[in-house]
Colleague: 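Dumping the structure here so I can ask a few things about it.
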There are 2 protein chains.
Amino acid sequence: MGHDHGHDCCGGDAPARVEQALGRLRASGLRVTEARRALLRALAASRVPLAVDEIHRRSGRGKADRVTIYRSLEAFEQAGIVRRHPLEKGRSLYALETPGHHHHHLVCRACGAIERLEACDAGPIEAGARAKGYTRLTHVLEVHGLCPRCSHG
Amino acid sequence: MGHDHGHDCCGGDAPARVEQALGRLRASGLRVTEARRALLRALAASRVPLAVDEIHRRSGRGKADRVTIYRSLEAFEQAGIVRRHPLEKGRSLYALETPGHHHHHLVCRACGAIERLEACDAGPIEAGARAKGYTRLTHVLEVHGLCPRCSHG
DNA sequence: GTCCGTGCAAATCATTTGCACTTCT
DNA sequence: AGAAGTGCAAATGATTTGCACGGAC
């Protein structure tokens, strides 16, 4: 798989998003390297969140080792530059963080198509968690189903 | 039970729940073995969802091999007898399915404490997915954070 | 008697870690 | 210079699979 089926999901002006991300790197005290440029380019160019393996495959020149990609992504996630989408089976997908655009994804179990879901009603739920004294909240919300094409059976 | 921190979550009348589960096993054409009794007893006795390792540890006599527990749990999940809660890092927790009691969990990243979250506003989100033609919808919603005790570190 | 369930060993597979080397600032 | 980033090899750890045996129905 690894194709961008489904409809637009994480799209936008790729070069601009890369620049914005690089700016945030510097602002966070993170260093800018060719490996990281390639990584961010791959993310910015994709309309859907990518797995580490996929990022590795799509990083043309300046391609970094998978291990380095893992480490960079973790740093980027901490800095709020990249958003991680944990999947059911322990894998994760990554996408550039789009501030003020919190959303989740609808994943087809059969063909892997991913669509963006705009609504996110987790606000009240996280509020409840906060009321219990929990901090540093994050949430995982994935909707799985069969897309129209795969539903016919 | 050093691991059942947090408040009640999946409690109930344990023996009765085991019997109910066994009945469902038979109804689904699954066989009843001592290993499976022990497994269901462990789940029924716990107030929180358990990891496979924890189930293995808590299954007194009749304790089955971890592999068998994995295989049984998968069969039980298919049959709707057990509910799987996928966590961030690829692990899963399991609990007896409680029909008509859909809820999610609040998990502490540091100590693993689990609390029940009553609210589930996924209705509108799944409606959106249905509107896109998706069928057989399921969703995973887990809220992660640091519990009050762990927030001080 | 048949399958299904079980145990053991070994395989997976994404992710993580140790350590020495290189590069950014 | 000095901290941060990188690569390779090897470790991890939950989960999965192959295969032969044993028990449920």
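Naming convention: chains lettered A, B, ... in sequence-line order (proteins, then strands); numbering from 1 in each chain. Computed from a predicted model, the values in this text were never measured in an experiment.
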Colleague: Look at all strands and tell whether A:Ala64 reaches a base, only sugar-phosphate, or nothing, counting heavy atoms closer than 4.0 Å.
Modeller: sugar-phosphate
Colleague: Which atoms of nucleotides 21-24 of chain D (N or O only) lie under 3.5 Å from a protein N or O atom, and what are those distances?
Modeller:
{"unit_1": "D:dG23", "atom_1": "N2", "unit_2": "B:Arg31", "atom_2": "NH1", "d": "2.9"}
{"unit_1": "D:dA24", "atom_1": "N3", "unit_2": "B:Arg31", "atom_2": "NH1", "d": "3.4"}

Colleague: How many Å lie between CG on B:Asp65 and C1' on D:dT15, as a whole number?
Modeller: 13 Å
Colleague: Any side-chain heavy atom of A:Arg83 within less than 4.5 Å of one from A:His85?
Modeller: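 Yes; the side chains approach each other to less than 4.5 Å.
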Colleague: Can you give the donor-acceptor pairs under 3.5 Å from side chains of residues 27-34 of chain B to other protein atoms, not counting sequence neighbours?
Modeller:
{"unit_1": "B:Ser28", "atom_1": "OG", "unit_2": "B:Arg24", "atom_2": "O", "d": "3.0"}
{"unit_1": "B:Thr33", "atom_1": "OG1", "unit_2": "B:Arg36", "atom_2": "N", "d": "3.2"}
{"unit_1": "B:Glu34", "atom_1": "OE2", "unit_2": "B:Arg41", "atom_2": "NH2", "d": "2.7"}

Colleague: Write down the distance between NZ (A:Lys63) and P (D:dT6), rounded to a whole number of angstrom.
Modeller: 15 Å
Colleague: According to salt bridge (charged side-chain N to carboxylate O under 4.0 Å, His left out), who are the partners of B:Glu74, at least two apart in sequence or on a separate chain?
Modeller: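 Per chain and number, B:Glu74 pairs via salt bridge (charged side-chain N to carboxylate O under 4.0 Å, His left out) with no residue.
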Colleague: I'd like to check B:Asp65 versus B:Ile69 (side-chain heavy atoms, cut-off strictly below 4.5 Å). Are they in contact?
Modeller: no
Colleague: On DNA chain C, which is the earliest and which the latest nucleotide, 5' to 3', with an atom closer than 4.0 Å to a heavy atom of chain B?
Modeller: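 Under 4.0 Å from chain B, the extent on DNA chain C is C:dC3 to C:dA9.
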Colleague: Find out whether B:Leu96 and B:Phe76 are in side-chain contact, i.e. whether some heavy atom of one side chain is under 4.5 Å from a heavy atom of the other.
Modeller: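 Sidechains of B:Phe76 and B:Leu96: no contact.
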Colleague: Which of residues 68-80 of chain B have a heavy atom under 4.0 Å from DNA chain D?
Modeller: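 Output list: B:Tyr70, B:Arg71.
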Colleague: Base, sugar-phosphate, or nothing for A:Ala35, non-hydrogen atoms under 4.0 angstrom?
Modeller: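 The residue A:Ala35 makes sugar-phosphate contact but no base contact.
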Colleague: With a 3.5 Å distance limit and no angle check, can you tell me whether A:Thr68 reaches the backbone of A:Ala64 through a side-chain donor-acceptor pair?
Modeller: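 Such a contact is absent between A:Thr68 side chain and A:Ala64 backbone.
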Colleague: Flag the pair A:Leu50 / A:Arg58 as yes when at least one side-chain heavy-atom distance between them is below 4.5 Å, and no otherwise.
Modeller: yes
Colleague: Within the 4.5 Å heavy-atom criterion, are A:Ile55 and A:Leu73 side-chain neighbours or not?
Modeller: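 Yes - at least one pair of side-chain heavy atoms lies under 4.5 Å apart.
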Colleague: How far apart are the C-alpha atoms of B:Tyr94 and B:Val82, what are their side-chain angles, what is the distance that settles it, and do they pass the side-chain contact (heavy atoms from CB on, under 4.5 Å) test?
Modeller: CA-CA 7 Å; B:Tyr94 299 85; B:Val82 150; 3.7 Å; yes
Colleague: Restricting to salt bridge (charged side-chain N to carboxylate O under 4.0 Å, His left out), what partner residues turn up for A:Arg130, sequence neighbours left out?
Modeller: A:Glu126
Colleague: Taking salt bridge (charged side-chain N to carboxylate O under 4.0 Å, His left out) as the test, write out the residues that go with B:Asp53, two or more places apart.
Modeller: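 Partners of B:Asp53 under the salt bridge (charged side-chain N to carboxylate O under 4.0 Å, His left out) test: B:Arg57, B:Arg66.
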Colleague: Evaluate side-chain contact (heavy atoms from CB on, under 4.5 Å) for A:Leu40 paired with A:Leu25, printing each intermediate quantity in order.
Modeller: CA-CA 11 Å; A:Leu40 293 172; A:Leu25 277 202; 4.3 Å; yes
Colleague: Considering the terminal five base pairs at each end of the helix from C:dG1-D:dC25 to C:dT25-D:dA1, what angle separates the two local helix axes, rounded to 10°?
Modeller: 40°
Colleague: Only counting residues at least two apart or in another chain, list the ones meeting salt bridge (charged side-chain N to carboxylate O under 4.0 Å, His left out) with A:Glu77.
Modeller: A:Arg84
